[in-house]
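Read through the structure below, which is laid out as structure tokens, and then see the notes.
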Amino acid sequence: MNKKIVAIVLVVALAVTGLFAASTTGTSKNGQFSIGAGIGTDISVVGKYGMGKFDLQGDLSLDFLNGNAFSIDCGAFYNFYDWNVVSGSLKAPQYISFTTGPIAKIMVKNGISLGAIWGAGAEYTFPKVPVTVFLKVGLGAKFDFGENFSVGPTGMGVLGAVYNF
């Protein structure tokens, strides 16, 4: 029982750490909502909400890495660096934003598993089209709450795009 409590507290703590991140330019605007899709270690429907200092991103997916489990992810991604892309034909500066942050994951297949993943990624918003492309990768721990509690490695890697409203 104590292992389950520690696992739940760890996942919640990782999910909350991104709430205290500082701000950079980034590709998402404060209050901007985006929806799209991703493919990689899973096939997912992605939702993203920009909060100025960081982005909240969640998805519903079929997770191939964890045995075709249905999964729900939620992460807070801090924008730690913006690379200014120089282009002679574009008037406004363009940025590739690099992000990092915690991801909490719930997987359902023959029971419930929780994942605590630290992710990193890059994203780019096209200048004249409200579309952002992104790449997110991460590694972490998976906590299985089956008949026998177990802890093992897990990860993620997703390439996707979202439409910004």
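When reading the values below, keep in mind they use all heavy atoms of this one structure, side chains included, and skip hydrogens, waters and symmetry mates. Position 1 is the first residue of the sequence, and the numbers go up from there.
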Original post:
Are Asp73 and Ser61 close enough that a side-chain donor and a side-chain acceptor fall under 3.5 Å?
Top reply: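 No.
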Could you check if a side-chain atom of [X] sits within less than 4.5 angstrom of a side-chain atom of [Y], using non-hydrogen atoms only?
X      : Y      : result
Tyr95  : Asn84  : yes
Met156 : Asp42  : no
Asp55  : Asn79  : no
Glu123 : Phe77  : no
Val131 : Thr125 : no
Tyr163 : Val129 : no
Val46  : Phe134 : yes
Ile96  : Tyr124 : yes

Determine the minimum heavy-atom distance between [X] and [Y], stating which atoms define it.
X      : Y      : result
Val158 : Gly38  : CG1-CA, 3.8 Å
Gly40  : Phe64  : O-CD1, 3.9 Å
Lys109 : Gly67  : NZ-O, 2.5 Å
Gly119 : Ile103 : CA-CD1, 4.1 Å
Ala69  : Met107 : CB-CB, 4.2 Å
Ala141 : Val151 : CB-CG1, 4.4 Å

Rounded to the nearest 0.5 Å, how far apart are [atom1] of [X] and [atom2] of [Y]?
X      : Y      : atom1 : atom2 : value
Leu62  : Ser71  : CG    : OG    : 8.0 Å
Ile106 : Phe70  : CD1   : CZ    : 9.5 Å
Ile35  : Asn164 : CD1   : CG    : 11.5 Å
Ile43  : Asn68  : CD1   : CG    : 9.5 Å

**OP:** Under the ring-ring contact (aromatic ring centres under 6.0 Å, His included) rule, what do Phe145 and Phe143 come out as? Steps first, then yes or no, please.
**Re:** CA-CA 6 Å; Phe145 297 97; Phe143 305 93; 7.1 Å; no
Are [Y] and [X] connected into the same hydrophobic cluster when the rule is that any two of I, L, V, M, F, W, Y join if their side-chain heavy atoms are below 4.5 Å apart?
X      : Y      : answer
Val133 : Tyr81  : yes
Phe98  : Leu135 : no
Trp83  : Tyr78  : yes
Phe126 : Phe33  : yes

**OP:** Using the test salt bridge (Lys or Arg N to Asp or Glu O under 4.0 Å), find all partners of Asp63 that sit at least two apart in sequence or belong to another chain.
**Re:**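 In terms of salt bridge (Lys or Arg N to Asp or Glu O under 4.0 Å), with neighbours along the sequence ignored, Asp63 is linked to Lys105.
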Subject >> Single hit among Leu56, Asp59, Thr132 for side chain to side chain contact (heavy atoms under 4.5 Å, CB included) with Lys48 >> reply: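 Answer after filtering Leu56, Asp59, Thr132: Thr132.
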